[in-house]
Amino acid sequence: MAVCARLCGVGPSRGCRRRQQRRGPAETAAADSEPDTDPEEERIEAGAAALAGAGGGRGAGPSPPPRCSLLELPPELLVEIFASLPGTDLPSLAQVCTKFRRILHTDTIWRRRCREEYGVCENLRKLDITGVSCRDVYAKRINPRVKSGRFMKILPDYEHMEYRDVYTCLLHRYRHILGLWQPDIGPYGGLLNVVVDGLFIIGWMYLPPHDPHVDDPMRFKPLFRVHLMERKSATVECMYGHRGPHNGHIQIVKKDEFSTKCNQTDHHRMSGGRQEEFRTWLREEWGRTLEDIFHEHMQELILMKFIYTSQYDNCLTYRRIYLPPSHPDDLIRPGLFKGTYGSHGLEIVMLSFHGKRARGTKITGDPNIPAGQQTVEIDLMHRIQLPDVESLRSFNELSRVVLEVRERVRQEQQQQEDGAEDGEGRAPQSPREPQRGPARPSVELPAETGGEAAAAAAPAPEQPAQSGQGQPFVLPVGVSSRNEDYPRTCRMCFYGTGLIAGHGFTSPERTPGVFILFDEDRFGFIWLELKSFSLYSRVRATFRNAEAPSPQAFEEMLKNIQSLTS
């Protein structure tokens, strides 16, 4: 250890040891506890000193400057240096010598690591004086007990807590569960975001807004939390139910997977029995009562979801998901979107780009198309020029245009399969392929000229997005939509396919449709076979620890979540 320390400049030099002789008894005793120098090093240094002395009489140049060790720096400077190092390196640094170990007990070092690595901004020493956001938000969730009409707050012992304990026993220990996760709740899935919130680690379940208000912000509720109630002892609490936090457990099963378990499931039950639990769940999940839902099929779907999801209130497994990587040439910024799915309500979809195609993958799902499946696929090589507004009102006219494009797609795929070597791995360039270079002006052609001529005259996709121009849009007569408040102008449209299936994901098949890009944060999809329209709106939330380490890791993640429900 002494040799390594000397080579790195952190061990005591011979000059330091000579100065130790002039120290007091207490300082000398502390110095004696430091690692001793290596005999081989002393022999080499003695020889070097003798050569330097012999050469000095022959007019040698100026002597080299004396070496300076880190041990000679003032403690305040060492604290600043150590605080800039990653927290995972500090335990190794403490093994160098007793002085380093003593300095690493300084709590400001660990406070900085908590702030820079995990975003903790609370001051432990001022919690009882000024109060912080985490106390205001979670005081009643800690363990509210009514006594003489007042809440008795059971809070952690912040006065005797140290940031080193917060870092090592809470943040570092549970760092693997931070980020975005998909719970394994059968076909329904979900979106869990585990974050550091104040001095807590909280798992927030993100829920879509109430149907059909797709532009409303996301809702969220806590499922579990982890915090330090005592020094060096992290406490896991389940937040499910309406009776406050109670004892829970977290187990990291394997890489990118963990599970939670509730040890007091009686806290999930309500005094009014299952009927009261269902009514409460319905108000929270749908924002209405069962009497307000007149569609019988929709009532059955809602009751089925309640019965199924209630079975997972005591134990859940989560698998990590990543946000899609972004590229400068993407049509819009990829990410998470809320979408309307008829009687199934609003669901969360991840839009990602893969070269000449875009995909919408379900993060939440339903008994027909479960979570993890690819709900829509957009062919960016085949752009569709919609007819004028009056012609667009006719569903038959829209269907004719889309089916013509589908036939061309089939022909191109057949050519590739027939062994056209110049097209292997790449479809022949279509007139609708995004062009790189000056964009042509938009030309509106009558519907009777045919879909092919209209598509050939379509502008490049970049042109409307750059100029801000839009094309009038209206849903064809007979196409149902949960939300009639959709945009009346669109930037561009592409041919796409949507996945439909029977109950239980039976007989799945991809059917033709139209992808409509409205703006940077909204798009739609017309399902021709279902005569239905889905409107999607971007999830406006910032997620930390959700970036994929590589494009390959993101692709592997998509395959994994899809295979679970295939």
Check [X] against [Y] and note the closest heavy-atom contact, atom names and distance.
X	Y	result
P324	G335	CG-N, 3.6 Å
H267	R243	O-CD, 3.4 Å
V474	L392	O-CD2, 3.2 Å
P487	L535	CD-CD1, 4.2 Å
E397	S391	CB-O, 3.6 Å
S534	T340	OG-O, 2.8 Å

State, yes or no, whether a side-chain contact exists between [X] and [Y] at a heavy-atom distance under 4.5 Å.
X	Y	value
V409	H382	yes
L336	F543	yes
P367	K305	no
R538	R522	no
Y495	L380	no
F353	I378	no
V401	L386	no
W204	L192	no

### Task
For side-chain contact (heavy atoms from CB on, under 4.5 Å), just list the numbers for T511 and L528, CA-CA rounded to whole Å, side-chain angles, deciding distance to a tenth of an Å, and then say yes or no.
CA-CA 8 Å; T511 59; L528 287 188; over 6 Å; no
Report the relative orientation of the aromatic rings in [X] and [Y]; use parallel for angles under 30°, tilted for 30 to 60°, perpendicular for over 60°.
X	Y	value
F515	F494	tilted
F533	F473	tilted
F525	W527	perpendicular
Y318	F258	parallel

### Task
Could you walk me through whether W286 and M298 pass side-chain contact (heavy atoms from CB on, under 4.5 Å), step by step?
CA-CA 11 Å; W286 294 84; M298 192 172 182; 3.3 Å; yes
### Task
Give a yes/no verdict on a cation-pi contact between K261 and F224, requiring under 6.0 Å between NZ or CZ and the six-membered ring centre and an angle within 45° of the axis.
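No, K261 does not sit over the ring of F224.
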### Message
Within 45 degrees of the ring normal and closer than 6.0 Å to the centroid, is that where the cationic atom of R488 sits relative to Y486?
### Response
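Yes; both conditions hold, so R488 lies above the ring face of Y486.
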Euclidean distance, [Y] [atom2] relative to [X] [atom1], rounded to 0.5 Å:
X	Y	atom1	atom2	answer
E407	E412	CD	CD	11.0 Å
I202	N193	CD1	CG	11.0 Å
R540	D215	CZ	CG	8.0 Å
H227	L199	NE2	CG	10.5 Å
R173	I201	CZ	CD1	10.0 Å
L351	T375	CG	OG1	11.5 Å

Check for a donor-acceptor pair, side chain of [X] on one end and backbone N or O of [Y] on the other, with a separation under 3.5 Å.
X	Y	value
N560	E556	yes
Q373	Q562	yes
E520	R333	yes
S259	L316	no
N368	A501	yes
N483	P212	yes
S399	F395	no

### Query
Between R274 and E277, is there a side-chain N and carboxylate O pair less than 4.0 Å apart?
yes
### Task
Indicate yes or no: does R319 engage D184 in a salt bridge with an N to O separation below 4.0 Å.
yes
Answer with yes or no after comparing the ring centroid distance for [X] and [Y] against a 6.0 Å cut-off, counting only values under it.
X	Y	result
F523	F337	yes
Y206	F220	yes
H268	H246	yes

### Query
When you look at CD of Q275, are more than 12 heavy atoms from neighbouring residues, nucleotides or ligands closer to it than 6.0 Å?
no
### Query
Counting only heavy atoms not in R219, do more than 12 fall under 6.0 Å of its CZ?
yes
### Query
Checking salt bridge (Lys or Arg N to Asp or Glu O under 4.0 Å) for the pair R400/E404: CA distance, chi angles, key distance, verdict?
CA-CA 6 Å; R400 182 185 64 81; E404 285 182 358; 2.9 Å; yes
### Task
Evaluate the salt bridge (Lys or Arg N to Asp or Glu O under 4.0 Å) criterion for residues E347 and K338: first the C-alpha distance (whole Å), next the side-chain angles of each, then the deciding distance (0.1 Å), finally the verdict.
CA-CA 6 Å; E347 299 181 10; K338 304 155 284 183; over 6 Å; no
### Query
Can you check side-chain contact (heavy atoms from CB on, under 4.5 Å) on L558 and F554, steps first, answer last?
CA-CA 6 Å; L558 287 182; F554 177 76; 3.5 Å; yes
### Task
Starting from the C-alpha separation in whole Å, work towards a yes-or-no answer on side chain to side chain donor-acceptor pair (under 3.5 Å) for N263 and H249.
CA-CA 7 Å; N263 298 329; H249 176 71; 5.9 Å; no
### Any side-chain donor near an acceptor of the partner, E285 and H210, under 3.5 Å
no
### Task
Apply salt bridge (Lys or Arg N to Asp or Glu O under 4.0 Å) to D519 and R491, showing your working.
CA-CA 7 Å; D519 51 46; R491 290 184 182 179; over 6 Å; no
### Task
Check step by step if side-chain contact (heavy atoms from CB on, under 4.5 Å) holds for Y118 and R544.
CA-CA 10 Å; Y118 298 100; R544 298 187 59 184; 6.0 Å; no
### Task
Determine, stepwise, if the pair D379 / R408 fulfils salt bridge (Lys or Arg N to Asp or Glu O under 4.0 Å).
CA-CA 12 Å; D379 189 345; R408 283 194 296 275; over 6 Å; no
